[in-house]
Amino acid sequence: MQLSFQKVLKNEAFSVVLEMQIYTSVVASCVSVVGLFASGEWKSLPHEMHGFDTGRVSYVMTLVWTAITWQVCAVGVVGLIFLVSSLFSNVISTMSLAVTPLAALVVFHDKMNGVKVIAMLLALCGFASYIYQNYLDDTEARRLRTDVRESHDNSSC
């Protein structure tokens, strides 16, 4: 996506970010609907809706708000790619892997299992690696700036 912003679109406006998200979402929605009908799963939707413990309205609201929050998340991810970099966007997305089980544990009293713990540890390890590499790059850049200033000051004497 970052490459498409820089090389293909060449327009650095947030409206381009929104257009890119809208187009990918429309394509994904169309593919999902085609898959739903091609597999015959659409026949089980009324039964699934009636089997939902909190009712039909709650079922529909769950689907609607899940779709809305995923779109907000997707726009945020694409916005991070646009404003910062794809690497940073991936790091933030990976951190959400660690935060989501904790939020589910606190808000929904979800059970913590080994897979969630391992996913959280890997996400935190990846985040720590990103922060450490950023620190190393920043330290190197500062050293190079200091060396350039010192050589410039020495040559002007």
Side-chain angles (χ1 to χ4, degrees), residues 1-36 38-39 41 54 58-157:
M1 279 198 155
Q2 186 175 5
L3 181 66
S4 65
F5 281 133
Q6 293 172 348
K7 304 289 182 189
V8 178
L9 298 175
K10 296 181 184 175
N11 185 358
E12 297 195 14
F14 196 70
S15 62
V16 174
V17 173
L18 290 177
E19 284 179 19
M20 184 176 242
Q21 181 56 38
I22 289 169
Y23 295 143
T24 56
S25 294
V26 167
V27 169
S29 296
C30 291
V31 168
S32 297
V33 169
V34 166
L36 181 71
S39 69
E41 292 264 341
T54 53
S58 181
Y59 179 81
V60 171
M61 291 301 290
T62 300
L63 292 179
V64 167
W65 284 107
T66 299
I68 289 171
T69 55
W70 271 111
Q71 288 306 308
V72 169
C73 176
V75 168
V77 166
V78 174
L80 280 174
I81 292 170
F82 174 71
L83 294 173
V84 184
S85 73
S86 58
L87 176 62
F88 184 72
S89 177
N90 285 335
V91 167
I92 295 300
S93 297
T94 302
M95 276 306 295
S96 72
L97 292 175
V99 172
T100 302
L102 290 176
L105 184 73
V106 172
V107 176
F108 300 117
H109 308 292
D110 198 17
K111 297 204 188 298
M112 185 64 71
N113 61 24
V115 173
K116 290 178 186 176
V117 171
I118 290 172
M120 286 174 39
L121 291 175
L122 288 174
L124 290 173
C125 183
F127 183 71
S129 173
Y130 173 78
I131 294 296
Y132 182 66
Q133 186 61 48
N134 225 5
Y135 167 76
L136 292 177
D137 292 346
D138 188 49
T139 304
E140 180 68 17
R142 286 182 186 174
R143 188 185 63 74
L144 289 174
R145 279 194 303 254
T146 304
D147 290 349
V148 167
R149 272 192 232 129
E150 287 175 358
S151 67
H152 178 66
D153 290 344
N154 290 339
S155 65
S156 62
C157 290

Separation of [Y] [atom2] from [X] [atom1] (nearest 0.5 Å):
X: M120; Y: M112; atom1: CE; atom2: CE; answer: 4.5 Å
X: T139; Y: N134; atom1: OG1; atom2: CG; answer: 9.5 Å
X: I131; Y: L136; atom1: CD1; atom2: CG; answer: 11.5 Å
X: E41; Y: S32; atom1: CD; atom2: OG; answer: 12.0 Å
X: L122; Y: F127; atom1: CG; atom2: CZ; answer: 15.0 Å

For residues 59-69, which side-chain N or O atoms pair as donor and acceptor with protein atoms under 3.5 Å away, sequence neighbours left out?
from : atom 1 : to  : atom 2 : distance (Å)
Y59  : OH     : E48 : OE2    : 2.7
T62  : OG1    : S58 : O      : 2.7
T66  : OG1    : T62 : O      : 2.6
T69  : OG1    : W65 : O      : 2.9
T69  : OG1    : T66 : O      : 3.0

Report, one line per pair, each donor and acceptor closer than 3.5 Å where one atom sits in a side chain of residues 99-111; sequence neighbours left out.
from : atom 1 : to   : atom 2 : distance (Å)
T100 : OG1    : S96  : O      : 2.6
D110 : OD2    : K116 : NZ     : 2.6

Salt bridge (charged side-chain N to carboxylate O under 4.0 Å, His left out) contacts touching residues 72-93 (sequence neighbours left out):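 Qualifying pairs: none.
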Minimal non-hydrogen separation, A123 against M95, with atom names: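 So the minimum-distance heavy-atom pair works out to O-SD, 4.1 Å.
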CZ/R143: more than 12 non-hydrogen atoms of other groups inside 6.0 Å: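 Yes, CZ of R143 has more than 12 neighbouring heavy atoms, counting only those of other groups under 6.0 Å.
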Side-chain heavy-atom pair V84, S89 within 4.5 angstrom cut-off: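 Side chain of V84 against side chain of S89, heavy atoms only: no contact under 4.5 Å found.
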